[in-house]
Novice: 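The structure under discussion is supplied below as structure tokens; questions concerning it will follow.
For reference, positions follow the sequence shown, starting with 1.
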Amino acid sequence: MMALSSLNQRRWRNFKANRRAYWSLWIFLVLYGISLCAELIANDRPILVSYNGELHVPVFKFYPETAFGGDLRTEAKYSSVEIRCLIVSGGSLDCWDDPEGIIAEVEDKGTAAGQAVTKGWMIWPPIPYSYNTIVNTGGVAPGAPSSQNWLGTDDTSRDVLARVIYGFRLSVTFALIVTALTSIIGIAAGAVQGYFGGMTDLIFQRIIELWSSIPSLYVIIILTAVWAKSFWLMVGLMVLFGWTGLVGVVRAEFLRARNFEYVRAARALGVSDGQIMFRHVLPNAMVATLTFLPFIITGTIGSLATLDYLGFGLPNSAPSLGQMSRQAQANLQAPHLAFTAFFTFAVMLSLLVFIFEGVRDAFDPRKTFR
């Protein structure tokens, strides 16, 4: 706290005084931090492999089957019994004839092979499935929750818990990027309109009215049908049609504050318009701006989920929570899909709303908590 200014210290105290926002921030940071390490938590590749005294990191690097004594140059399938046998036995050729027998001998300390030093080992993530791993559930899809798949599998036999972890990271990262970009553009446009007024404000208002009248959902559906669906394409389209959300709020605050005494005094002292706008007027407009940020973030997450539900969002291979909702609607006999999608959205959106309620209180100069 010593590195913070007195103003930022007061804001941090106000934020901590809102206990719901404070604990929501910590819970959200823990959940988002776990999702950022998704490759180390849910993956069908080991975190670390020791083979003949050499360490390999398959979770971050591609290794062909030939690196472990195999014949193919394609990526090693570490879950297969043959690759496991090659790793633990140091590349024994007998693995292609009786891999399970070789593994049993190495793991049995009572045999001669078991008494010998094991030549390799693997460290697996807690969930040995990635978001696109096809799980063998005996031909049943979607599969019910079990000890092998804690939240069951979807209609293509992919682990639901792994997809939730990756999907949480994807949705939150997407929403944060879109919100940051739309806020920068919207705040800048609203500040210019409100501060200068006159013809500048009039022209900008007509442009925004025309732009807002475009049916953005239909345009996004058309463009995603024409172009290859991707993460950054969706970010660009969301920013393209979402930057007008904050313009009205910022414009009103600047129109109200541009004739205040401290603004006139700054002009009289020769301070540039840019410094007056973003150093003196903008901090006073941040309370109203931050009030709308939770709606932008939650709206962005909801829009992405809606587009994915309709099939016009991210690629089908992406771990989307909207796709899980569509699968839940198509597989009513598997209620675990619906419950998982509902609680994931409920927890994620509630935490974000609570956090930004605290941020709003922190930037409000009229609120002081003891």
Novice: Could you state the interatomic distance from OH (Tyr129) to OG (Ser79), rounded to the nearest 0.5 Å?
Specialist: 9.0 Å
Novice: Assigning hydrophobic clusters by single linkage (Ile, Leu, Val, Met, Phe, Trp, Tyr; side-chain heavy-atom cutoff under 4.5 Å), is Leu151 placed with Val135?
Specialist: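 Shared cluster, yes.
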Novice: Indicate whether any N or O donor in one side chain lies under 3.5 Å from an N or O acceptor in the other, for Tyr32 and Thr173.
Specialist: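 A pair is found: one side chain offers a donor N or O, the other an acceptor, under 3.5 Å apart.
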Novice: Looking at Arg267, I'd like to know if its CZ atom is crowded, meaning that more than 12 non-hydrogen atoms belonging to other residues, nucleotides or ligands lie closer than 6.0 Å.
Specialist: yes
Novice: According to the salt bridge (Lys or Arg N to Asp or Glu O under 4.0 Å) rule, which pairs have a member within residues 164-189, sequence neighbours left out?
Specialist: Glu39-Arg169
Novice: State plainly whether one hydrophobic cluster holds both Ile187 and Ile184, where clusters connect Ile, Leu, Val, Met, Phe, Trp and Tyr through side-chain heavy atoms under 4.5 angstrom apart.
Specialist: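 No; tracing contacts between hydrophobic side chains, which count when under 4.5 Å, never links both residues.
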Novice: Just jot down the side-chain hydrogen bond (donor to acceptor under 3.5 Å, both in side chains) partners of Asp154, sequence neighbours excluded, or say none.
Specialist: Thr156, Arg158
Novice: Step through the shown structure and confirm whether more than 12 heavy atoms of other residues, nucleotides or ligands are within 6.0 Å of CG on Asn136.
Specialist: no
Novice: Using modelled atom types and a 3.5 Å cut-off, is there a donor and acceptor pairing between side-chain atoms of Arg163 and backbone atoms of Ala318?
Specialist: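 It does hold such a pair.
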Novice: Could you grab the distance from atom CG of Leu307 to atom CE of Met238, nearest 0.5 Å is fine?
Specialist: 5.0 Å
Novice: Between Thr179 (side chain) and Leu176 (backbone), is there a donor-acceptor pair under 3.5 Å?
Specialist: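 No, because the side chain of Thr179 does not come within donor-acceptor range (under 3.5 Å) of the backbone of Leu176.
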Novice: Please check: side-chain N/O of Asn331 versus main-chain N/O of Ala334, any donor-acceptor pairing under 3.5 Å?
Specialist: no
Novice: List the steps and the verdict of side chain to side chain contact (heavy atoms under 4.5 Å, CB included) for Tyr309 and Gln329.
Specialist: CA-CA 10 Å; Tyr309 178 83; Gln329 184 267 337; 3.6 Å; yes
Novice: For the residue pair Tyr131 and Ser317, what are the closest heavy atoms and their distance?
Specialist: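 So the minimum-distance heavy-atom pair works out to CE1-O, 3.1 Å.
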Novice: Any chance you could measure Leu310, atom CG, to Ile220, atom CD1, to the nearest 0.5 Å?
Specialist: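 Between atom CG of Leu310 and atom CD1 of Ile220 there are 11.5 Å.
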Novice: According to the interplanar angle, ranging from 0 to 90°, do the rings of Phe339 and Phe343 count as parallel (below 30°), tilted (30 to 60°) or perpendicular (above 60°)?
Specialist: parallel
Novice: Short question: side chain of Trp23, backbone of Arg20 - any donor-acceptor pair under 3.5 Å?
Specialist: no
Novice: Atom CZ of Phe254 and atom CD1 of Ile276: how far apart are they, to the nearest 0.5 Å?
Specialist: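 If I round to the nearest 0.5 Å, the distance is 11.0 Å.
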Novice: Pair Ile301, Phe345 - check side chain to side chain contact (heavy atoms under 4.5 Å, CB included), show working.
Specialist: CA-CA 9 Å; Ile301 295 176; Phe345 278 117; 4.1 Å; yes
Novice: Between Ala42 and Ala162, which heavy-atom pair has the shortest distance, and what is it?
Specialist: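 That would be CB-CB, 3.9 Å.
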Novice: Mind checking whether Leu240 and Trp227 sit in one hydrophobic cluster, side chains of I, L, V, M, F, W, Y counted as touching below 4.5 Å?
Specialist: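 Same hydrophobic cluster.
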Novice: Given Asp159, which of Asn132, Thr133, Asn149 fulfils the side chain to side chain donor-acceptor pair (under 3.5 Å) condition?
Specialist: Asn149
Novice: Please lay out, stage by stage, how Leu31 and Val347 fare under the test side chain to side chain contact (heavy atoms under 4.5 Å, CB included).
Specialist: CA-CA 10 Å; Leu31 294 177; Val347 171; 4.3 Å; yes
Novice: Taking atom CZ as the centre, does Phe295 end up with more than 12 heavy-atom neighbours from other residues, nucleotides or ligands that are less than 6.0 angstrom away?
Specialist: no
Novice: Which distance, rounded to the nearest 0.5 Å, do you find between the CZ of Phe354 and the CD1 of Ile27?
Specialist: 10.0 Å
Novice: If you compare all heavy atoms of Arg73 against all heavy atoms of Pro64, which two are closest, and at what distance to 0.1 Å?
Specialist: O-CB, 3.4 Å
Novice: For a quick test of reading the model, state the closest non-hydrogen atom pair linking Thr340 to Met324 and the distance between them.
Specialist: CG2-SD, 3.9 Å
Novice: Any link between Phe196 and Tyr262 through a network of hydrophobic side chains (Ile, Leu, Val, Met, Phe, Trp, Tyr) touching at under 4.5 Å?
Specialist: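 The answer is yes; both residues are in one hydrophobic cluster.
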Novice: Are the side chain of Ser320 and the backbone N or O of Asn316 linked by a donor-acceptor pair below 3.5 Å?
Specialist: no
Novice: Working to the nearest 0.5 angstrom, can you tell me the gap between Thr224 OG1 and Leu314 CG?
Specialist: 10.0 Å
Novice: Check Arg251 against Asp201 and note the closest heavy-atom contact, atom names and distance.
Specialist: NE-OD1, 2.7 Å
Novice: Is there a chain of hydrophobic side chains (I, L, V, M, F, W, Y, each step under 4.5 Å between heavy atoms) that links Ile221 to Val235?
Specialist: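 Yes, because Ile221 and Val235 connect within a single hydrophobic cluster, where side-chain heavy atoms sit under 4.5 Å apart.
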Novice: Got a sec, which pairs hit ring pair (Phe, Tyr, Trp, His ring centres under 6.0 Å) with one end in residues 37-69, sequence neighbours left out?
Specialist: Tyr51-Phe68, His56-Tyr63, His56-Phe68, Phe68-Tyr78
Novice: I need the minimum non-hydrogen distance between Ser171 and Met348, along with the two atoms involved.
Specialist: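 So the two residues come closest at CB-SD, 4.2 Å.
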Novice: Has the side chain of Thr298 got a donor or acceptor atom that lies under 3.5 Å from a matching backbone atom of Leu349?
Specialist: no
Novice: Could you check if a side-chain atom of Ile296 sits within less than 4.5 angstrom of a side-chain atom of Val178, using non-hydrogen atoms only?
Specialist: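 When only atoms from C-beta onward are counted, Val178 and Ile296 do not touch, as no gap falls below 4.5 Å.
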Novice: Apply side chain to side chain contact (heavy atoms under 4.5 Å, CB included) to Ile177 and Phe231, showing your working.
Specialist: CA-CA 11 Å; Ile177 293 175; Phe231 178 86; 4.2 Å; yes
Novice: So, does Gln323 use its side chain to make a donor-acceptor pair with the main chain of Pro315 at under 3.5 Å?
Specialist: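 Such a contact is found between Gln323 side chain and Pro315 backbone.
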